[in-house]
Undergrad: 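Pasting in a structure now, in structure tokens, and then I'll have a few things to ask.
Chain identifiers are assigned alphabetically (A, B, ...) following the order of the sequence lines, protein sequences preceding nucleic acid strands; residue numbering begins at 1 within each chain.
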2 protein chains.
Amino acid sequence: MPERQSSRKDAIRNREAVLAAADALFTRRESPEDVTMTDVAAAAGVGKGTLFRAFGNRAGLLRALYEARLEPIRQAVETGPPPLGPATPPRDRVPALLDAILCFKLDNRRLALALEEGGSSSPYQAEHYERWHSLLRAVLEQIPGLTDSDFTTHALLAATRADLVEHLAGEERIPREKMRAQLANFATRVLASGPLQGLTSEE
Amino acid sequence: MPERQSSRKDAIRNREAVLAAADALFTRRESPEDVTMTDVAAAAGVGKGTLFRAFGNRAGLLRALYEARLEPIRQAVETGPPPLGPATPPRDRVPALLDAILCFKLDNRRLALALEEGGSSSPYQAEHYERWHSLLRAVLEQIPGLTDSDFTTHALLAATRADLVEHLAGEERIPREKMRAQLANFATRVLASGPLQGLTSEE
DNA sequence: ATAGAATCCGGACCCTAGGTCCGCTTAGAC
DNA sequence: GTCTAAGCGGACCTAGGGTCCGGATTCTAT
């Protein structure tokens, strides 16, 4: 667990340099997998030992980058104004949250891709997925008549998977605004199931 | 492209042996990634050269296994009786198709996992995904009032992603029947948007 | 200021796993 | 039987993630 902060200023400077270099590399290069750790170290003007001591491993570096980029959104969701903040009525907040996630992944395609496929273990063991899931689920549960909130949350989040977004934006050339509209439409449809009762799956 | 059939019987025998060995290994071992190509070759009593000549690369082997397992379902979907076959009314066929996919992934967890994450490129470039997508989409388009069929299809299929299924079955310990019910419920909710007009995203 | 300790630096090195190569073997045709 | 094209298999190559350790740097106490 090499994640604790260091106080030495060269360590801090190097950490920043690595973050910046990795950031640049991931946005520049086509595919995440041809950004090697050696590349990152070289671009940051730092040795591999330094890189690995600071972040543990590849996944650690990705996570650090991801969290940093995600911070503003986390703020907006937790303590911000509507439509993202807690004061928003659930039926409006769900599409807004999904939209925020989608936009984030559109703006950080390579990075999100690298983190989600990243190998090792599924994205479902990542902490940040867990956070989104429990938040979204809590919001869903405030909507009356909505069942299977756990599964529904997973299914909604699955529609924003990085590789799907990448495919839609890259291969199918779907413009950003259209994709956002489609996702919002989809989410709304899922929520708008007032009249449907009795379909509930039982325990 | 080393995919063409050989007529020599030793080649055929070896191909079968590899397929069988790989199948056994993938179901036995915990995680797909600790089944190495060398393992497979050894278990099949065959050299690595043979293995790679027969299947090209790791993805090729996975694909071959996957297609073989998928064959019966493909049959049932293309020319079988309802609820999977073409004679089924669209509103019933969509959940049935998704259910078939879900069951398949539940029955072939490791394999589906290995193929979908498999690294290299996203599952969205795989031929079999393309097949499912166009089929499902065609069915969706027969439902009046349903818009964004392309995106909706992607979103529905995303709910059956191998790693999500694995997570639900493995970590969350959701029983098979419950998961099937939840997916069916979800699909039905998505389709049951008759009253909703005007939400359509415009070109 | 300076010595000493703790920490950090960095690149040579290791290991694993996918993939290739090539001399030897074998199936099948004549 | 023999000739040949195809197949065989394991030694070998390579790339990239991760480790190691001698030397440099920073912080602290005096």
Side-chain angles (χ1 to χ4, degrees), chain A residues 1-22 25-26 29-65 110 113-115 117-121, chain B residues 1-22 25-26 29-65 110 113-115 117-121:
Chain A
M1 61 285 300
E3 279 299 323
R4 76 187 191 286
Q5 288 286 52
S6 160
S7 48
R8 276 179 61 158
K9 77 180 173 205
D10 54 350
I12 296 175
R13 180 174 39 77
N14 278 329
R15 185 188 169 89
E16 298 303 321
V18 167
L19 243 20
L25 282 181
F26 275 111
R29 296 269 234 274
E30 259 315 304
S31 166
E33 36 207 79
D34 48 45
V35 175
T36 79
M37 294 300 271
T38 309
D39 285 343
V40 173
V46 146
K48 287 182 69 174
T50 305
L51 175 51
F52 278 92
R53 193 169 337 91
F55 298 97
N57 53 25
R58 183 173 231 261
L61 172 60
L62 271 323
R63 242 185 347 236
L65 268 175
R110 311 282 157 67
L113 215 52
L115 188 60
E117 65 185 29
S120 47
S121 50
Chain B
M1 60 283 305
E3 279 297 325
R4 78 187 190 284
Q5 289 285 53
S6 160
S7 48
R8 273 177 64 158
K9 76 179 175 207
D10 55 348
I12 296 176
R13 181 174 40 77
N14 278 329
R15 185 188 169 90
E16 296 305 319
V18 167
L19 241 19
L25 281 181
F26 275 113
R29 297 267 235 274
E30 259 314 304
S31 166
E33 35 206 79
D34 48 46
V35 175
T36 78
M37 294 301 271
T38 309
D39 285 344
V40 173
V46 145
K48 289 181 68 175
T50 305
L51 177 50
F52 278 92
R53 191 165 342 87
F55 298 97
N57 55 24
R58 182 173 232 261
L61 172 59
L62 271 324
R63 240 184 350 232
L65 269 174
R110 311 281 157 67
L113 214 52
L115 188 60
E117 63 185 31
S120 45
S121 52

Undergrad: Which whole-number value in Å describes the distance from A:Lys48 NZ to D:dG17 C1'?
TA: 6 Å
Undergrad: Taking CD from B:Glu33 and C1' from D:dG17, how many angstroms apart are they, rounded to a whole number?
TA: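 So the CD-C1' distance, B:Glu33 to D:dG17, works out to 14 Å.
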Undergrad: Classify A:Thr36 by what it touches in the nucleic acid, base, sugar-phosphate, or nothing, heavy-atom distance under 4.0 Å.
TA: sugar-phosphate
Undergrad: Indicate yes or no: at least one non-hydrogen side-chain atom of B:Val46 is less than 4.5 angstrom from one of B:Val40.
TA: no
Undergrad: Quick one: does A:Leu62's side chain get under 4.5 Å of A:Phe55's, heavy atoms only?
TA: no
Undergrad: Once rounded to the nearest 0.5 Å, what's the spacing between atom CZ of B:Arg63 and atom CG of B:Asn57?
TA: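 Here the rounded value is 6.5 Å.
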Undergrad: In whole angstrom, what separates B:Asn57's CG from C:dG18's C1'?
TA: 9 Å
Undergrad: DNA chain D: A:Thr38 or B:Gly47, which has the more 5' nearest nucleotide?
TA: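 Nearest nucleotide further toward 5': that of B:Gly47.
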Undergrad: The side chain of B:Ala11 lies closest to which of these nucleotides: D:dG18, C:dG19, D:dG7?
TA: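 Selected nucleotide (nearest to the side chain): D:dG7.
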Undergrad: Is the shortest heavy-atom distance from the side chain of A:Leu61 to the side chain of A:Met37 under 4.5 Å?
TA: yes
Undergrad: Given C:dC9, C:dA12, C:dG18, which nucleotide is nearest the side-chain atoms of A:Asp10?
TA: C:dC9
Undergrad: Can you name the closest pair of heavy atoms from A:Arg110 and A:Pro32 and give their distance?
TA: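 So the two residues come closest at O-CG, 3.5 Å.
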Undergrad: Figure out the CZ/C1' separation between A:Arg13 and D:dT25, and round it to whole Å.
TA: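 In whole Å, D:dT25 C1' lies 10 Å from A:Arg13 CZ.
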Undergrad: Pick the nucleotide of DNA chain C nearest each of B:Thr50 and B:Val35; which residue has the one closer to the 5' end?
TA: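 Looking at the nearest nucleotide for each, B:Val35 comes out on the 5' side.
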Undergrad: Any side-chain N or O of A:Arg8 less than 4.0 Å from the OP1 or OP2 oxygen of C:dC8?
TA: no
Undergrad: Taking the nucleotide of DNA chain C with the nearest heavy atom to each, does A:Asn14 or B:Lys9 sit closer to the 5' end?
TA: A:Asn14
Undergrad: Can you check the B:Phe52 CZ to D:dC13 C1' distance for me, whole Å?
TA: 13 Å
Undergrad: I need the CZ-P distance between B:Arg15 and D:dG7, as an integer number of Å.
TA: 12 Å
Undergrad: Quickly work out the B:Asp39 CG to C:dG18 C1' distance and round it to whole Å.
TA: 12 Å
Undergrad: Identify which nucleotide among D:dC8, D:dG18, C:dG10 has an atom closest to any side-chain atom of A:Arg53, counting heavy atoms from C-beta outward.
TA: C:dG10
Undergrad: Please give, in whole Å, the distance from D:dA11 P to B:Leu51 CG?
TA: 16 Å
